[in-house]
Number of protein chains: 2
Amino acid sequence: MAQTSTATVSRVLSNKPGVTEEKRQRILQIAQRVGYSPNRIAKNLSLKKSHVFGFIAADIRNMAYVEFFHRIQALAREIGYQVHIADSEQDVEKERVNIGLMREHRAEGLIVFPVHDWHTGSDLDHFLQLKLQRFPFVLVGRAEGYGFDSVVSEEIPTAMELTRHLLGLGHRRIGFLGAEDDNRCIAERVEGTRRALSEAGLELRPSDTIALRDEWKDEFKELLSRRERPTAFVCVNDVWAMMAYRPIRELNLSIPGDISLVSFGNNLWSEHLIPALTTSVERSREIAETAMAILLRRLEDPTVPPMQESVGQDIRLRESTAPPPGNVSPARAGGKRVARSG
Amino acid sequence: MAQTSTATVSRVLSNKPGVTEEKRQRILQIAQRVGYSPNRIAKNLSLKKSHVFGFIAADIRNMAYVEFFHRIQALAREIGYQVHIADSEQDVEKERVNIGLMREHRAEGLIVFPVHDWHTGSDLDHFLQLKLQRFPFVLVGRAEGYGFDSVVSEEIPTAMELTRHLLGLGHRRIGFLGAEDDNRCIAERVEGTRRALSEAGLELRPSDTIALRDEWKDEFKELLSRRERPTAFVCVNDVWAMMAYRPIRELNLSIPGDISLVSFGNNLWSEHLIPALTTSVERSREIAETAMAILLRRLEDPTVPPMQESVGQDIRLRESTAPPPGNVSPARAGGKRVARSG
DNA sequence: GAGCAGACCGCAAGCGCTTACAGACGCGCA
DNA sequence: TGCGCGTCTGTAAGCGCTTGCGGTCTGCTC
């Protein structure tokens, strides 16, 4: 307090009207001089608003989040919000306490990548409770059947599109790398592959499906060594695809000469692989923006019905796909693929 | 307030002694029943402690942070702290406002990856000011000459070790990929390479040094096409290394047959490349732990002299290095490299 | 010159918690 | 019975801000 009341100071520092220009300047100057920094904690307490959103990640180390988080963060900042981040480390229990913590910090809304996608038993109690209490939150990455606000990436259509690309090149036997049952997202990728195949009167054979397991590499090599084997694989993500390069090479098979590979979830390196990998790419930025939009909408009107959005993925055609050996695709006449994209 | 004063309630909810067991139980039960969630904001205000550390990243999208951040976060949580994260987006001005915001939120300490490593002009004013005000903060990733608390990754020794590995294989002309002058970390990598070479009586020729520029790829190919050319390159990071694979391949040269490649900063995919890349790997976890330790130390005793730690990097020998063509290394008798590691 | 609107400004209450302090109570002892 | 002491509990004053309300002052109108 320099020469005036705290009320006046408060008014100038919050840009409220009703203060003489002269006083305003004087106060600002003093504030500047003494290096005054307003106490947000007190401000928030007083305003009964925290200006905080919570972001709860199932596993923060999954880089897939970085772009997403970056965008959320930027959007939040634009409207003067901070985002608190918490890591569930793939543990439902931690997820639960994270939610509790966020509430203690009076986060005004939550954006969460849940640990589980197929909720069994009590795994979703905490979300149901949130919903019950009208606490604004949006689930991302995993669709839900409980009327939660959510945004997901379209897995089935993407899988179908990738598979159709292979079918279009002339492949007739297509396998799947990295299947898992208890993960909805992955299950959907398998499902999409299956559907596209069955559209073409083909099927995804169980024996052509390699699941996540320690011995996958041996199984895979064994599969590749058979006389009758797939000429292309859909990989569940590009880490799997990348891992597949080596056994294929070790069997003296070539990509895409003998085996074509497509995968999900473009990471920035997949274009640098040799051959560059054909992948889908999640529109993280758009997902983030959608999630934020939903949250804000919910905030301004808690009564709107559940919002469930899905955003598509883009396909990047690169070098890892070509017609199967001994076959010339209807579309192209052999030779080296030149498609490129970033 | 159920049947007692707020003071008593406060005491039980903060696990303070001096409350009859009976009352304690009753209060806990009521709290449970009404789903009471303490207001951290008020608590912090009252305690005059925020229980918050700030983490300011130069560019959050740089995945190199994920492991680091994860660890910081975990450590902070263990002692009941939250960490607020801010993104400077490679912009000093944003860095400045981020610091301001953190102070408004009364963060008790800051961990920052500064935007610039070689501070010029006013780029470090804000840090000097922090130091002046005894505000606890630690700079990471970039060494400083101003007596700031800091922890860095050892670049020069690592570069020397990588280069010595190449020298040990018999390489006599070694180039550098991705040089940059105005970045300390990169400059140190160049410097380390240079030193190791001069130890061996060799030099790093300017013409063998490819800098970050749009035309780097053409320059690189031109260099590779000369009769006299390097037989190995040190790459400034593994994205560069990965990008180098292609032009080398396009010239029908092989890795490591014709050209050996080593690089810095192992990302999880570099082992999946074909051939797998020999790289160094930052001990992110250790860096995080060191940074946190320094911060805590400073917190408990603001007067200790500046702490500057450096943590080493590990070298992962993989497949991208071999003796130069027409040469048999003293250590090994040709053939295929089998070194492997994760 | 009295009355009044409007612009400024300060008082003080209040945000939800903590905690120093003092009161109430039970106990043992002289 | 009276006193001192230790234990438990409530009162109230803050923490640093916002803001409704009422007071003061200026300048205008009639």
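All figures in this text were calculated on a predicted structure; none of them were measured in a lab.
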Phosphate OP1/OP2 of D:dT18 contacted by A:Ser14 side-chain N/O (<4.0 Å):
yes
Taking only Lys NZ, Arg NE, NH1 and NH2, and the carboxylate oxygens of Asp or Glu, determine whether A:Glu188 and A:Arg184 approach each other closer than 4.0 Å.
yes
Look at B:Lys16 and C:dT18 and indicate whether a side-chain polar atom (N or O) is within less than 4.0 Å of OP1 or OP2.
no
The answer to which of B:Lys48 and B:Ala7 contacts DNA chain D further toward the 5' end, by nearest nucleotide, is B:Ala7
Quick check on C:dC9: is either OP1 or OP2 less than 4.0 Å from any side-chain nitrogen or oxygen of A:Lys23?
yes
Closer than 4.0 Å, any side-chain N/O of A:Lys43 to the OP1 or OP2 of D:dG16?
no
A:Tyr36 side chain near D:dC17 phosphate (N/O to OP1/OP2, under 4.0 Å):
yes
Using the ring of each side chain (for Trp, its six-membered ring), is A:Phe137 parallel, tilted or perpendicular to A:Phe127, with breaks at 30° and 60°?
parallel
Is B:Thr20 close enough to D:dC8 that one of its side-chain N or O atoms is under 4.0 Å from OP1 or OP2 there?
no
Whole-Å distance, A:Leu45 CG to D:dG14 C1', equals 13 Å
Under 4.0 Å between a side-chain N/O of A:Thr8 and OP1 or OP2 of C:dC9, yes or no?
no
Look at all strands and tell whether A:Arg11 reaches a base, only sugar-phosphate, or nothing, counting heavy atoms closer than 4.0 Å.
base
On the 0 to 90° scale, with breaks at 30° and 60°, tag the B:Phe113-B:Phe68 ring pair as parallel, tilted or perpendicular.
perpendicular
Looking at A:Arg285 and A:Glu289, does any basic side-chain N land under 4.0 Å from a carboxylate oxygen?
yes
